[in-house]
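The analysis underlying the following values was restricted to heavy atoms, covering all of them including side chains, and did not include hydrogens, waters or symmetry mates.
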Amino acid sequence: MIKTIFYIGLGGAIGSVLRYLTSVLVSKYWNQSFPLATFLTNVLGCFIIGIFIGLLEKNNLANGNLKWFLVTGFCGGYTTFSTFGLENHSLLQSNQSLLAFSYIALSVVLGIFAVWFGLFVSK
């Protein structure tokens, strides 16, 4: 268990730093209202988690420490949106479309509401 936590923590630290560097780089060239850094991070994170899962499954490594480091750690530190994308893909692949679209809608609507409510409560 300690070894797994170490791999997740190390991957998460690297992912978090990369997320910060992505924001710094994008803000250097993008000064508009649209949150391009977050958008690119989320889309890129989804692409990266897809590559990692595909390669890990292809090489029979989906249950090892590399998955904890790359998927849970790195991608989780870079963006939890990548996990959200993977979970919805899995639901759609298992013919659970209603559940997937419910999860998407509830996550977006309740997520925005939760931010608003948190801001409201903190005032």
Taking the side chain as everything from C-beta on, heavy atoms only, tell me whether Ile48 gets closer than 4.5 Å to Cys75. yes
d(Leu61 CG, Leu66 CG) to nearest 0.5 Å is 6.0 Å
Show the nearest heavy-atom pair for residues Ala62 and Lys67, with the distance to one decimal. O-CD, 2.7 Å
State yes or no: do Ile104 and Phe81 share one hydrophobic cluster built from I, L, V, M, F, W and Y residues joined by side-chain heavy-atom distances below 4.5 Å, directly or via other members? yes
For the backbone of Leu91 and the side chain of Ser94, can you confirm whether one donor and one acceptor N or O come within less than 3.5 Å of each other? yes
Mind checking whether Phe74 and Phe69 have ring centres under 6.0 Å apart? no
Measure the acute angle between the ring planes of Phe120 and Trp116, then classify it against the limits of 30° and 60° as parallel, tilted or perpendicular. parallel
Is there a continuous path of hydrophobic side-chain contacts, each under 4.5 Å between heavy atoms, that joins Phe47 to Leu18? yes
Could you go through Thr38 and Arg19, starting from their C-alpha distance and side-chain angles, then the distance that decides it, and tell me whether this counts as side chain to side chain contact (heavy atoms under 4.5 Å, CB included)? CA-CA 9 Å; Thr38 301; Arg19 180 187 178 105; 4.0 Å; yes
Would Leu25 and Leu21 count as a side chain to side chain contact (heavy atoms under 4.5 Å, CB included) if you check the C-alpha gap in whole Å, the side-chain angles of each, and the deciding distance to 0.1 Å? CA-CA 6 Å; Leu25 180 66; Leu21 293 175; over 6 Å; no
Quick one: does any side-chain atom of Ser82 pair with a main-chain N or O of Thr79 as donor and acceptor, under 3.5 Å? yes
Going by distance alone, is a donor N or O of one side chain under 3.5 Å from an acceptor N or O of the other, for Tyr78 and Thr22? yes
If Ile, Leu, Val, Met, Phe, Trp and Tyr residues are connected whenever their side-chain heavy atoms lie under 4.5 Å apart, and connections chain through other members, are Val121 and Phe113 in the same group? yes
Rounded to the nearest 0.5 Å, what's the gap from CG on Leu70 to CZ on Phe52? Could you check? 4.5 Å
To the nearest 0.5 Å, what is the distance between OG1 (Thr41) and CZ (Phe39)? 10.5 Å
Value rounded to 0.5 Å, distance of CD in Gln96 from CG in Asn88: 11.0 Å
Would you check if Leu10 and Phe6 make a side-chain contact, meaning some heavy-atom pair closer than 4.5 Å? yes
Single-linkage hydrophobic cluster, 4.5 Å side-chain cutoff, Phe84 and Ile8 together: no
Determine whether Tyr103 and Leu99 satisfy the following criterion, side chain to side chain contact (heavy atoms under 4.5 Å, CB included), listing intermediate values before the conclusion. CA-CA 6 Å; Tyr103 179 38; Leu99 187 57; 5.6 Å; no
What distance do Thr72 atom OG1 and Asn65 atom CG have between them, rounded to the nearest 0.5 Å? 11.0 Å
Once rounded to the nearest 0.5 Å, what's the spacing between atom NE2 of His89 and atom CD1 of Ile53? 11.0 Å
